[in-house]
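Here's the structure, in structure tokens; my notes come after.
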There are 2 protein chains.
Amino acid sequence: MARLKTTHDVFSAIGEPKRRALIEMLTTKEMTVSDLVDAMSWSQPMVSKHLAVLREVKLVKERKAGRYHYYRIQPEELRPIQEWMHQFEKYWGSTMDQLDNYLNTIQTKVNSDEKN
Amino acid sequence: MARLKTTHDVFSAIGEPKRRALIEMLTTKEMTVSDLVDAMSWSQPMVSKHLAVLREVKLVKERKAGRYHYYRIQPEELRPIQEWMHQFEKYWGSTMDQLDNYLNTIQTKVNSDEKN
DNA sequence: TTGACATATTCCCATATAGGAATATAATGA
DNA sequence: TCATTATATTCCTATATGGGAATATGTCAA
């Protein structure tokens with residue numbers, strides 16, 4: 001088969017840098033499509049199409065007011081990512097360096113049982 | 001243009017569920033390709049090809065010992081994701097304790113739903 | 001009503017997969 | 001040397017883009 005659809009899940013959806021940029025832009029405020037077109041300097045169809053992907057995975061929510069469509073982020077939908085990262089945090093504590101040390105320690109132990 | 005290469009960055013690389021599974025499997029120990037083939041029940045070329053993507057974005061590191069190629073996770077390469085997520089933490093609370101509570105709540109809810 | 005504005009969708013195309021199968025490369029041991 | 005084992009790469013194909021251009025849909029205002 002080919003690659004997964006970008007709308008398969010949140011991980012796929014945020015794989016595209018432009019969609020991450022949209023999410024960042026929407027972090028603090030609700031914005032219309034044309035607000036986003038101005039802010040990002042992309043074509044209007046490009047903005048609409050990336051928003052459509054984010055909408056499908058529910059990372060953004062649309063609120064229509066006449067001609068204007070206001071988009072806002074749905075941060076709770078990012079939880080799967082946070083949870084996925086969380087499984088690594090339980091090994092590393094607060095810093096990446098601690099995780100490194102932890103992994104080096106246990107992997108050294110495992111290696112004493114090595115095959116060669 | 002077409003879609004970004006999966007090796008474009010860490011975000012693209014982990015968009016594929018199988019690659020996330022490999023990373024999870026490598027969290028606690030170094031493993032050879034055949035270890036991973038056995039653990040995941042995928043074909044050997046499939047494992048090797050997904051590892052190649054992870055290797056290219058430096059999420060895993062290879063250590064060759066004779067015929068065996070040991071792979072280990074490079075956790076510091078997950079930092080871009082952690083940092084990107086950090087900006088949203090304020091929406092659900094920044095501590096892992098709160099995340100734990102959230103997860104426990106969900107789990108409890110799921111369990112009680114199953115009983116009905 | 002009608003033109004202008006706001007947004008979404010469709011068409012087209014070049015590109016990059018993911019997966020299966022076959023094959024290549026490399027290291028080992030008898 | 002040669003068969004076996006371990007891993008990587010190549011070939012093939014169906015599929016899904018992301019971007020540009022054109023167009024459709026929806027809404028408002030004069």
For this session: Would you kindly check whether a donor in the side chain of B:Q44 faces an acceptor in the base of D:dA6, or vice versa, at under 3.5 angstrom?
Result: no

Exercise. On the ring face of A:Y71, is A:R55 found with NZ or CZ under 6.0 Å from the centre and within 45° of the axis?
Worked result: no

Exercise. For the side chain of B:R67, counting heavy atoms from C-beta on, which of C:dT28, C:dA18, D:dT15 is nearest?
Worked result: C:dT28

Problem set entry | Exam field: side chain B:T32 to backbone B:D35, donor-acceptor pair closer than 3.5 Å | yes

Exercise. Transitive ILVMFWY cluster of A:Y70 at side-chain heavy atoms under 4.5 Å: who else is in it?
Worked result: A:Y68

Problem set entry | Of A:A2 and A:S34, the one whose closest DNA chain C nucleotide lies more 5' | A:S34

For this session: Consider the side chain of A:S48, meaning its heavy atoms from C-beta on, and name the nucleotide among D:dT7, C:dA8, D:dG19 that approaches it most closely.
Result: C:dA8

Exercise. Per the end-axis method with five pairs at each terminus, what is the bend angle of the helix from C:dT1-D:dA30 to C:dA30-D:dT1, to 10°?
Worked result: 0°

For this session: Compare side-chain N and O positions of A:Y71 against OP1 and OP2 of C:dA8 and report whether any pair is under 4.0 Å apart.
Result: yes

For this session: Give a yes or no answer on whether the side chain of A:Q87 reaches the backbone of A:W84 with a donor-acceptor pair at less than 3.5 Å.
Result: yes

For this session: Please figure out whether A:Y68 or A:R19 has its closest DNA chain D nucleotide nearer the 5' end.
Result: A:R19

Exercise. So, B:T6 side chain and B:S12 main chain: donor-acceptor pair closer than 3.5 Å or not?
Worked result: no

Exercise. Which ones in residues 5-18 of chain B lie close to DNA chain C, meaning a heavy atom under 4.0 Å from one of its atoms?
Worked result: B:K5, B:T6, B:E16, B:K18

For this session: Look at the side chain of A:K49 and the base of D:dG20, then say whether one donor and one acceptor between them are separated by less than 3.5 Å.
Result: yes

